[in-house]
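Note sheet for the following structure.
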Amino acid sequence: MPEELALTIEDLDVRFGPVRALSGVSLRVEEGTICAVLGANGAGKTTLLRTVSGLNRPQYGQIRLNGTDLTSVPPESLIRLGVAHVPEGAGIIGELTVVENLRLGALWRGDRSAAATSLERTYELFPVLRERSAQPASNLSGGERQMLAIGRALMAEPRVLLLDEPSLGLAPLVTRQIMQLIRQLRNDRGLTVLIVEQNANSALSIADHGVVLAGGRVVLRDTAEQLLGDEQTRHAYLGF
Ligand code: ATP
């Protein structure tokens, strides 16, 4: 069988007691593409991302990356397989400096020179993080925090980036800037990106494909272009 270069999610069921957060969710994200996961509050978007990164365990279904089964890999091992998760709210540590937060992303690698190269690459992508490297992360603006969270994930040199609501709480101009950076990562580094967003318009502006979740099920999937172009779909599912 040829090597499968994709993130494949098959028939995923996730329950929290009586709550069926995901039911029969299947999704395939080709290598080097961006897939937007859209849907209203409580649709199951965060649960999907957390399940891919091993933070939630499915009752049923499978997740594979390039043919490797990720379903029972512990979350801390996933990064070694090339999957980095940027959680909602970004999860950075305000008391640490910017560079300390970044270095946390490469701690597990145990290779100082590789980490130094990744740090340089991260600073090239986000010059503002270099300027503010010695400042506590708590001093950063919302957009800079999001850049720091993405930068920290990139310190692991991942192949797959899982992004949970990167636009949360950001002004439209800053959101656009973050989205363009994500698109740049796909174009320049061939990263595979699964991005969860309530801001469907922003996410679809950089995505290749999109899926819409409702009540834990996939109710719509198409190219980003089709989803953006179809007025009925936009009104019915995407709220713009
Ligand atoms: P939001 O945009 O508000 O984060 P979402 O689409 O990401 O929404 P999820 O957070 O994945 O939705 O939640 C899906 C469903 O699962 C909701 O009904 C939620 O209440 C429930 N849920 C999520 N996590 C848990 C948990 N740890 N325990 C119990 N129920 C949960």
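Please read all numbers here as calculations on a predicted model, not as lab measurements. FYI, side chains are in, hydrogens and waters are out, and symmetry mates aren't considered; it's all heavy atoms of this structure. Ligands are counted one by one from 1 in listed order, and the atoms in each one are counted from 1 as well.
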Within the structure, is a non-hydrogen atom of Ala40 found at a distance of less than 4.0 Å from ligand 1?
yes

Any protein heavy atom < 4.0 Å from atom 11 (O) of ligand 1
yes

Looking at Glu165, which atoms of ligand 1 are within less than 4.0 Å of one of its heavy atoms?
2 (O)

Atom CZ of Arg103 with >12 non-hydrogen neighbours under 6.0 angstrom
no

Considering only protein heavy atoms, determine whether one is less than 4.0 Å from atom 14 (C) of ligand 1.
yes

Do you know which two heavy atoms are closest between Asp11 and Gly24, and how far apart they sit?
OD1-CA, 3.3 Å

For atom 17 (C) of ligand 1, which candidate among Gly42, Pro18, Ala43 holds the nearest heavy atom?
Gly42

Which heavy atom in Ile34 sits nearest to a heavy atom in Ile206, and how many Å separate them?
CD1-O, 3.4 Å

At less than 4.0 angstrom from any non-hydrogen atom of Thr46, what atoms of ligand 1 do you find?
4 (O), 5 (P), 7 (O), 10 (O), 11 (O)

Tell me which one of Leu213, Thr51, Thr47 gets a heavy atom nearest to atom 9 (P) of ligand 1.
Thr47

Not counting sequence neighbours, which residues clear salt bridge (Lys or Arg N to Asp or Glu O under 4.0 Å) with Arg189? List them please.
none

Could a heavy atom of Gly44 be found less than 4.0 Å from some atom of ligand 1?
yes

